[in-house]
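As structure tokens, the structure follows; a few thoughts come after it.
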Amino acid sequence: MFQIRIHGRGGQGVVTAAELLSLAAFREDRYAQAFPSFGSERTGAPVVSFCRIDDHEIRTREPVSEPDALIVQDPTLLHQVDVFGGLRSDGYVLINSTRSFDELGLGEWTQGFHHERLLTVPAWDICRRHIGQMRPNAALLGGLAALTAVVSLESVTQAIESRFAGNLAEGNVAAARACFEHVIAARQMYVDA
Amino acid sequence: MLEQLEGSRAVARTVALCRPEVIPAYPISPQTHIVEALSAMVKSGELAPCEFVNVESEFGAMSVAIGASATGARSYTATASQGLLYMAEALYNASGLGLPIVMTVANRAIGAPINIWNDHSDSMSQRDSGWIQLYVESNQEAVDTHILAFRLAEELSLPVMVCMDGFILTHAYERIDLPSAEQVDGFLPAYEPRQVLDPAEPVTIGALVGPEAFTEVKYLAHVKQMQALDLIPELSRELSGVLGREQDGLLRRYRCEDAETIVVALGSVLGTIEDAVDELRERGVSIGAVGLKAFRPFPLEDVRAALGHAARVIVIEKALALGIGGILSQNVRIAIAGSAAHVYTVIAGLGGRPITAASVCRLCEDAAAERLQPLTFLDLNSELVERELERTRARRRSGPHAENMLRDIGVVAAGPV
């Protein structure tokens, strides 16, 4: 089973991100369970959502406390919420930021993790360019596909197209592709280095 | 057809396939997505003929359902928490009059303290209201059980509550096999009421009954509800054939044939419990689980058959009967009265506290080592309780417990010290 936890703020599509990811996994004929952290969600307040993906039926209903992958949609949460809590030592992290882990003050924290699995992507820039809305949820799923291969980029884009229509769908698909490309390039730099 | 769907939407689409003719509803979390989706289907004409009635309260919702059902219309509504309490008087009327209304309860805690998260306090508070109560473990089971509920309700002319865990199920996206309209129509015939308000053949539904017959009318209501103990397994077998999916009937047994310890629970926590059972079995612990689908009527004989051989029965329940402890466990104790099994009551998951497989495993190991108390509160923060008790001892005007305790754990920072 692969478990993903998504952190963001109310209005950034955190719950929709988990839903889209579960749709992408469903398209690959896998079992997926997506659910929000059930807070009284308000615009701007910290929000968490979860997604589990497996080849078998998923029975557990507890929140994801030891994620295999984390998406942080809003970098201002990093020093406000314990976003990394329970992350497995072989886990993946994708943060929406133009800065590196070191620049974010997380250099020391990254000790003990696989560095090539910890990446930042400038998702705000990508959203601005492709969607015109500051909602990085779908874009970051493209990044997650590149980082973890837990779902394919095609499944992510199909999930986006099944959930949204028109310009919104096109923009989010383009943003997901851009994030995917960014992560592939960033990982290549690790391999080359 | 297989789809990846939110639980609420899956239930709404299933209810629509059951062709309700009147849906009166009032929104309350976590039930709202269900009736929102249904109202959209009525507006678009996808669900027709059907009247969606925006009412002023839950009391109004049940009252409209009662009126509609009495005129021979298939009626459905959904609610949760304080909403269910607000319709309490009408609930007794629906069951007392024998009206086959189907209602989804998206289980949620009851305040105070105000809390929107999941537990079973709401439906448990209405367990003796005369409604049949069915609890579901997954969204697939929620879908299938709603179809069963309409048929069961109309066969017996009794109302049925389908209880599904709020948020945990209603807001979860998972793989659902939605039945086709043909499948549902094949199982659920058009509603033929056993009693109906018809000007051509006048009857009184709701006559005043004095001491001369009140006991007999109530007794008959009990007898009718008990008939569900035969009818639920019968209809479940038929529905299994129609849907091509095994339906559980009154209860579900999981690896409990030879189990020394059996965990009993209702609703979605069974999935987590089944995972814990597998983990403990791997460690050599002789353990199984029983999930009750039917809570009212209570399947005494089936529970006795499922638990009779166990040395220990751990009842995990998401509701608290203040002043005594467990509710489900009281019923389980009646079922296995006379057996040598130790019955433990574990209150868990109140107000949305997660029930984890790790906690369930620890609980079962404590029971096996005879360390478990007869009444246990899972993952209780005793230190937090002690601090508040200390304050109440130290000062008479120690203030509201809820705020004091929130301040202790740092959720409320402001306010008087």
Side-chain angles (χ1 to χ4, degrees), chain A residues 1 3-6 13-42 45-66 80-82 85-86 151 155-156 158-160 162-163, chain B residues 2-9 29-30 33 106 108-109 114-118 137-141 164-177 254 265 267-279 289 291 318 348-349 351-360 379 411:
Chain A
M1 179 148 53
Q3 308 188 91
I4 302 102
R5 195 170 67 208
I6 304 169
V14 180
V15 177
T16 306
E19 176 198 338
L20 288 172
L21 187 54
S22 84
L23 273 172
F26 173 76
R27 290 188 165 269
E28 297 182 4
D29 205 21
R30 304 190 74 197
Y31 286 88
Q33 179 197 61
F35 56 106
S37 69
F38 318 135
S40 355
E41 281 125 14
R42 302 168 302 275
V47 174
V48 184
S49 66
F50 310 96
C51 184
R52 294 189 164 97
I53 299 172
D54 206 344
D55 295 323
H56 315 280
E57 192 182 350
I58 299 165
R59 295 185 300 197
T60 181
R61 299 283 174 186
E62 59 180 88
V64 172
S65 53
E66 293 178 6
Q80 185 187 352
V81 176
D82 180 20
V151 288
S155 300
V156 169
Q158 284 172 7
I160 295 168
S162 72
R163 181 68 166 71
Chain B
L2 283 178
E3 289 183 64
Q4 184 78 7
L5 282 176
E6 187 198 36
S8 293
R9 183 157 288 272
S29 278
H33 289 183
R108 166 183 152 182
I114 187 167
N115 174 297
I116 64 160
W117 292 267
N118 165 253
E137 177 177 338
S138 65
N139 281 325
Q140 185 67 60
E141 199 180 0
M164 64 188 294
D165 283 314
F167 294 111
I168 296 172
L169 291 182
T170 56
H171 287 54
Y173 284 82
E174 52 194 30
R175 180 189 291 211
I176 303 284
D177 191 356
Y254 185 73
S268 68
V269 71
L270 280 154
T272 306
I273 291 172
E274 286 166 9
D275 276 0
V277 164
D278 286 355
E279 201 179 317
K318 288 186 172 183
R353 176 162 300 181
I355 300 176
T356 65
S359 289
V360 173
D379 299 330
V411 175

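Just so it is clear: chains get the letters A, B, ... in the order the sequence lines come, proteins before strands, and each one is counted from 1. Remember, it's a predicted structure, so these values are computed and weren't measured experimentally.
- The two atoms that bring A:Ser22 and B:Gln4 nearest to each other are OG-NE2, 3.0 Å, heavy atoms only.
- Rounding to the nearest 0.5 angstrom, the gap separating the OG1 atom in A:Thr16 from the OH atom in B:Tyr173 is 7.0 Å.
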Subject >> Verdict with supporting geometry, B:Glu137 and A:Arg61, salt bridge (charged side-chain N to carboxylate O under 4.0 Å, His left out) >> reply: CA-CA 10 Å; B:Glu137 177 177 338; A:Arg61 299 283 174 186; over 6 Å; no
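- With a 4.5 Å cut-off on non-hydrogen atoms, B:Leu2 touches chain A through its backbone and its side chain both.
- Contact count versus chain A (heavy atoms, under 4.5 Å) is highest, among B:Ser268, B:Pro30, B:Gly349, B:Pro354, for B:Ser268.
- Heavy-atom pairs under 4.5 Å with chain B peak, among A:Arg27, A:Glu57, A:Gln33, at A:Gln33.
- Note that the CD atom of B:Glu3 and the CZ atom of A:Phe26 stand 7.0 Å from one another [nearest 0.5 Å].
- Looking at B:Asn115, neither its backbone nor its side chain comes within 4.5 Å of chain A, counting heavy atoms on both sides.
- Applying the 6.0 Å contact sphere to CZ of A:Arg59 captures more than 12 heavy atoms from other residues, nucleotides or ligands.
- When all heavy atoms of A:Glu62 and B:Ile355 are compared, the closest pair comes out as CB-O, 3.7 Å.
- Top candidate by heavy-atom pairs under 4.5 Å with chain B, chosen from A:Ala18, A:Ala32, A:Ser162, is A:Ala32.
- No donor-acceptor pair under 3.5 Å is formed between the side chain of B:Glu174 and the backbone N or O of A:Ala34.
- The shortest distance between side-chain heavy atoms of A:Phe35 and B:Glu6 does not fall below 4.5 Å.
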